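Worksheet: the structure to be examined is printed underneath.
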2 protein chains.
Amino acid sequence: MNRAGNPTISDVAARAGVSVPTVSRVLTGAARVSPAKRELVEAAIADLGYRPSAAARALVSRKPQTIAIIAGNTSRYGYAETIRGIEIAARAEGYTVMITVVESADEDEVDRAIAATLTQPLAGVAVLKFDPPGVAALAKIPPHLPVVALSGVRDPATPQAVLDEAAAADELTRHLLDLGHTTVHHVRVPPSRKVDGRTTGWRRALRRAGAPVPAAVDATWDPRSGVAIGRALAADPAVTAVFCGNDEIAMGVMRGITEAGLRIPDDVSVAGFDDNPLAELWSPPLTTVEQDFAGLGGRGFQLLLNAVDGTDDRRYSSERPRLVLRASTAAPKPRA
Amino acid sequence: MNRAGNPTISDVAARAGVSVPTVSRVLTGAARVSPAKRELVEAAIADLGYRPSAAARALVSRKPQTIAIIAGNTSRYGYAETIRGIEIAARAEGYTVMITVVESADEDEVDRAIAATLTQPLAGVAVLKFDPPGVAALAKIPPHLPVVALSGVRDPATPQAVLDEAAAADELTRHLLDLGHTTVHHVRVPPSRKVDGRTTGWRRALRRAGAPVPAAVDATWDPRSGVAIGRALAADPAVTAVFCGNDEIAMGVMRGITEAGLRIPDDVSVAGFDDNPLAELWSPPLTTVEQDFAGLGGRGFQLLLNAVDGTDDRRYSSERPRLVLRASTAAPKPRA
DNA sequence: TTGAAAGCGCTAACAG
DNA sequence: CTGTTAGCGCTTTCAA
């Protein structure tokens, strides 16, 4: 019994009448143990309700079974789903997950978060490179620690799992152009850097089509920030199609446009990104891009595992999100 | 240097020309150290980029700085916000947070999750008692470990932070009744138990008003499950007001009602619960109950801290959610 | 104020 | 197959 009242491995050994290492052997399966002793040990473990101490194990074996996720946020849709995907994959492999939130890219804040995290015995770290705090945190991870970046700008220096947002944004923009819109306006969510896949793909599609490239409008993460933007967009007769950086913002923008007296999609087409569960229930149902965030998390974890045990050396995983056409986009009609 | 290439406390000691315990003393502040040596040690720590190992610390000191959150889900709105609230409060107190997901109340799954969690050196555990997996997990936490339940049925055996959902549901139902509705129908989200605050408050208000109590309809967590329910409700002329267990379901129900050709709130009033960020952007903006989930998480962490260090013995914290009246509810009008 | 010694709970050699 | 011996990185006695 230790100070917290938990049985220890030596309690088990004593009860089973074997040595401590023998107990360890049945626990880890590191060596063969005779069936007789194994049974004794298992019985003792069950009787005592013994649980091995991860701290002691990590200390001596250097094979920690914990990974840390560093994220700028834990509750927004894409973040939460990605974290869920990592957690599920990690759990399936017997890993425990620890979460550290870094709310700003402020150096002190990042340092503090990293320090708190690295204090733990970690098999590796997954960083959500969705935003500036994520980018800043990734830069501070010590080189010897296995790491994977989820999303973000391509960087060969680090294993990375991404969703090919640029390709999807390109496809969505092209779709709008094909519908007959002269150009497509764009409302951005706070980008992780100067470059942002959604914006890049949008611009690329416009350029390729020879369409004018309007200035992108910046929204915040708060869906309400889209309302004022929607109103302003509605006031400009040149605006017939709007591509928003995520579904929440799109919903805000739609509300602003509607409040201004225009109809969607008759007067203005609006598309989002992410395929939030509420997107298909919106009125009108929102055209968007389905992003498999949970899958992103799962692929990221696999890459991290590769980096940890080195069996597989794949370091990059990209998946193309899927366009979901719904009723919020249509061919332009001359405004009444 | 240990095997992972990290400097250890003895590297620091060697570099500073002092003993290991002296380094430990400046680290923990457990005893006075002469300014001269302290400076030497601090310089060595900085030079080496030394970070104490939480595993070793936890092993010897039995004062772990990690708490575990056990949750049935990490990405749904209320869950994610609550987790965020706990994380923020914990971080402010120097605690690291670990997350374990228990997806079903299945005994094996719960046991496995608990076992994986308890293996870590933990100061305490916060359980989201939002659903059956949460309830099942709570029952399995060993008695010596400090624990707090977030939400759920009142249980004096465990420190608990709640949102008084019954009071809020009662208030909302009464509001609908006061508007002139003969009764209020109710669509439930999967309850954590037979009793569920939202349903209880709804029923209480109806009974007190002498209004008929219709059978509650069960939805799943998927907002789409609300659509079919909405259609069915629309087919019943007796339905003029619907109170839904959460906003997502309410959005699905509204869509079903609209698809059936009825208008909201003219033909049917619909109210939700939670005040999802999208609720106010919905058409029409959704009447709901604002739940401060992040605050719930924060209060829960405080209670856990009380249980851990025993300075304060408060074990219960309840807060009354706030009614938010918007355009989805109105006085009943005879259907055309 | 400081160092030497002991030991947290466990796994990794190493004999036997 | 199994026990003995070390020792992980740290804090906690205990003397000095």
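These numbers come from a predicted model, not from an experiment.
- Between K63(A) and the phosphate of dA12(C), there is a side-chain N or O to OP1/OP2 separation shorter than 4.0 Å.
- Each salt bridge (Lys or Arg N to Asp or Glu O under 4.0 Å) pair with one or both residues in residues 4-27 of chain B, not counting sequence neighbours, appears once here: R15(B)-D47(B).
- Using a 4.0 Å cut-off, some side-chain N or O of R32(B) falls inside it from OP1 or OP2 of dT1(C).
- When each of dC10(C), dG3(C), dG3(D) is scored by its nearest atom to the side-chain atoms of S19(A), the top-ranked nucleotide is dG3(D).
- How far CD1 of I70(B) is from CG of L150(B): 11.5 Å, rounded to the nearest 0.5 Å.
- Atom CD1 in I9(B) sits roughly 12 Å away from atom P in dG3(C) (whole-Å rounding).
- Within 4.0 Å of V23(A), counting heavy atoms only, lies no atom of the nucleic acid at all.
- Aromatic rings from Y79(A) and F293(A) are positioned such that their centres are separated by 6.0 Å or more.
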Under 3.5 Å, which protein N or O atoms sit close to an N or O of nucleotides 13-16 of chain C? Give each pair with its distance.
residue : atom : partner : partner atom : Å
dA13(C) : N6   : R25(A)  : NH2          : 3.1

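- With hydrogens and angles left out, the side-chain atoms of T96(B) and T66(B) include no donor and acceptor closer than 3.5 Å.
- We find that CD of Q65(B) is positioned 15 Å from C1' of dC10(D), with the value rounded to whole Å.
- Between dC10(C) and R57(A), no contact under 4.0 Å exists linking OP1 or OP2 to a side-chain N or O.
- Between I45(B) atom CD1 and dC10(D) atom P there is a gap of 10 Å when expressed in whole angstrom units.
- Taking the ring centroids of F301(A) and Y95(A), they lie under the 6.0 Å cut-off.
- Regarding contacts with the backbone of dC10(C), every side-chain N or O of S24(A) stays at 4.0 angstrom or more from both OP1 and OP2.
- Minimum atom distance to the side chain of L27(B) is reached by dT11(D), of the listed dT11(D), dG9(D), dT11(C).
- Nearest to the side-chain atoms of L59(A) among the listed nucleotides dG3(D), dT2(D), dC8(D) stands dC8(D).
- Counting all heavy atoms, side chain and backbone alike, P146(A) lies closest to A123(A) at CG-O, 3.3 Å.
- Dashed line: the shortest gap from a side-chain N or O of S34(B) to OP1 or OP2 of dT2(C) is under 4.0 Å.
- Note: CG (L40(A)) to C1' (dT2(D)) measures 14 Å, nearest angstrom.
- Contact annotation: T22(B) side-chain N/O to dT1(C) OP1/OP2 distance is not under 4.0 Å.
- Taking a cutoff of 4.0 Å between a charged side-chain nitrogen and a carboxylate oxygen, R84(B) and E87(B) do not qualify as a salt bridge.
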